[in-house]
Structure formats: C-alpha cells, structure tokens
Amino acid sequence: AQSVAQPEDQVNVAEGNPLTVKCTYSVSGNPYLFWYVQYPNRGLQFLLKYITGDNLVKGSYGFEAEFNKSQTSFHLKKPSALVSDSALYFCAGRALNSGNTPLVFGKGTRLSVIA
Amino acid sequence: DGGITQSPKYLFRKEGQNVTLSCEQNLNHDAMYWYRQDPGQGLRLIYYSQIVNDFQKGDIAEGYSVSREKKESFPLTVTSAQKNPTAFYLCASTPLTGPGHYGDTFGSGTRVTVV
C-alpha cells in the first residue's frame, strides 16, 4: 500500500532561520510528490511538486524541496523563515501512471515561526 | 477565475438530520474528491469520482453519500448514520491524465458542527 509519513507533528523555528519539514514516502515505482500548505479554516494551497528530473524542486513563496530516492524522502525547505510561513503543511504522493487516483497524504506538520 | 467553490462555509447539523455540502468546479476537471479533516488526523478520503455517474468509496465512506450527475458538481450528503460528523470537509479536483502528475485543486472547505 502507498503511504506518506510526516514524522513531526510540530516544527518550531525562529524567524530568519532555515526551516525543514520532513516527509518520507512509500510509493511503488517512481512517485509524484507534492507539498501543500493550509492556513486556518482554508483549503490546501499547492506549493510545489516533484515529477522527474532535477531532485531540487523550487516552488511558491521561496520554498523548495529535495527528492532523495535512496532515502525515500521529500523534505520541504526554506532558507529563511518568515512569521507568515506559520501554517499546516501536508506532503502527498501518487504512483507513476496512476492517473487521477486519490493522492495519499501525510498527517500534516504544523510549522510555527517565532519572531 | 477557475476554481472550486464549496458551500456553505459553515453548516450546523441537528441530531438525525441529513445535510448536503455543495462542491462545484469550473476547471473542467474529470476527477473530484471529498476529504474529512479532523485535528491531528490529516486528510481522510470519503468518496471520489473519476468520471460522471461513477464514484468509489474512500477510507471512511460510512455515513456519507455522494452523486456525480454533472462533471462540475460533486455534492456530499452527511446522513443521520454518521454519528460524529463534526469536522472540516474539503473538496478537491484534478484533471484526467494518464501520468497523474497534476496535483489536486482544493476548495476552501465547509465546517460542519453538530448542535
């Protein structure tokens, strides 16, 4: 069965420091991987995705993620955190050529950036 | 602008009452999904539909029903059989593509509360 794990429920970081939100996956074959962000009482907003090619993916709001096949990880990173980055972050995945079968989501990581 | 519209934003359900959540998209997406979000549990799939007049149960379909009579509409009914309906409900859609590398587009959610 496909699965995505986010090992940290909560990540705290000081404003201006680099941030990392971790994600590991168990998806058959080559995966498509996604990061979403959710602000309170809102839907999920797409941040970035990995399809193929360069292992470092750049996305919205200065976020990037590194795909590591050997470690089956897709960690979300940002060089300098902002207070406005505080939100709930979800990692999701889908197997190659699985069409529009539902994404598999991690349980989410709450990021708190402290001024 | 294209997008997904969920209504109402807030819904109060009395004991034993059926209530219907609306989800409409003008993105011409083929697949649509319903998720339930509870604190600390991430997103759980209720139902999904990959084509008009067809839908499949997700992980927590009991107590819910859906229909897909039109491509742009995928309403969710929370029936009286759902004993704990208090949650945030999210609708999403994605194009019908073989590779599956498109992410999902999400609506802004409906918060259901039992009164």
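Convention: sequence-line order gives letters A, B, ...; per-chain numbering from 1. Worth saying up front: this structure is predicted, and the values here are computed from it rather than measured.
Put simply, the side chain of A/Y36 gets close to the backbone of B/D104: a donor and an acceptor are under 3.5 Å apart.
Shortest non-hydrogen contact noted between A/R42 and B/F88 is O-CE2, 3.5 Å. The minimum heavy-atom distance between A/P102 and B/L45, with the atom names listed, is CG-CD2, 3.4 Å.
Under a cut-off of 6.0 angstrom, the local environment of CD in A/Q10 is crowded, with over 12 non-hydrogen atoms contributed by other residues, nucleotides or ligands. Atom NZ of B/K71 is surrounded by more than 12 heavy atoms from other residues, nucleotides or ligands within 6.0 Å. When the shell of 6.0 Å around CD1 of A/I114 is examined, it contains more than 12 heavy atoms from other residues, nucleotides or ligands. Within 6.0 Å of CD in B/E62 there are 12 or fewer heavy atoms belonging to other residues, nucleotides or ligands. Within a 6.0 Å radius of NZ in A/K58, no more than 12 heavy atoms belonging to other residues, nucleotides or ligands are found. Counting heavy-atom neighbours within 6.0 Å of A/Y39 OH, excluding the residue itself, gives a total above 12. Atom CZ of A/R110 has 12 or fewer neighbouring heavy atoms from other residues, nucleotides or ligands inside a 6.0 Å radius.
Neither A/L47 nor A/L103 shares a network with the other; the hydrophobic side chains, linked directly or stepwise wherever heavy atoms of I, L, V, M, F, W or Y lie under 4.5 Å apart, form separate groups for each. Residues A/W35 and A/F105 do not share a hydrophobic cluster, clusters being chains of Ile/Leu/Val/Met/Phe/Trp/Tyr side chains in contact below 4.5 Å.
For A/Q45, no part lies under 4.5 angstrom from a heavy atom of chain B. For B/Q37, the part lying under 4.5 angstrom from a heavy atom of chain A is the side chain only.
Here CG of A/N41 is found 4.5 Å from OH of B/Y10. Values are rounded to the nearest 0.5 Å.
Heavy-atom neighbours of chain B within the stretch residues 79-93 of chain A, taken at a separation under 4.5 angstrom, comprise A/L88, A/F90.
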Candidate pair A/L44 and B/L43, rule side-chain contact (heavy atoms from CB on, under 4.5 Å), full reasoning: CA-CA 10 Å; A/L44 275 65; B/L43 300 179; 3.7 Å; yes
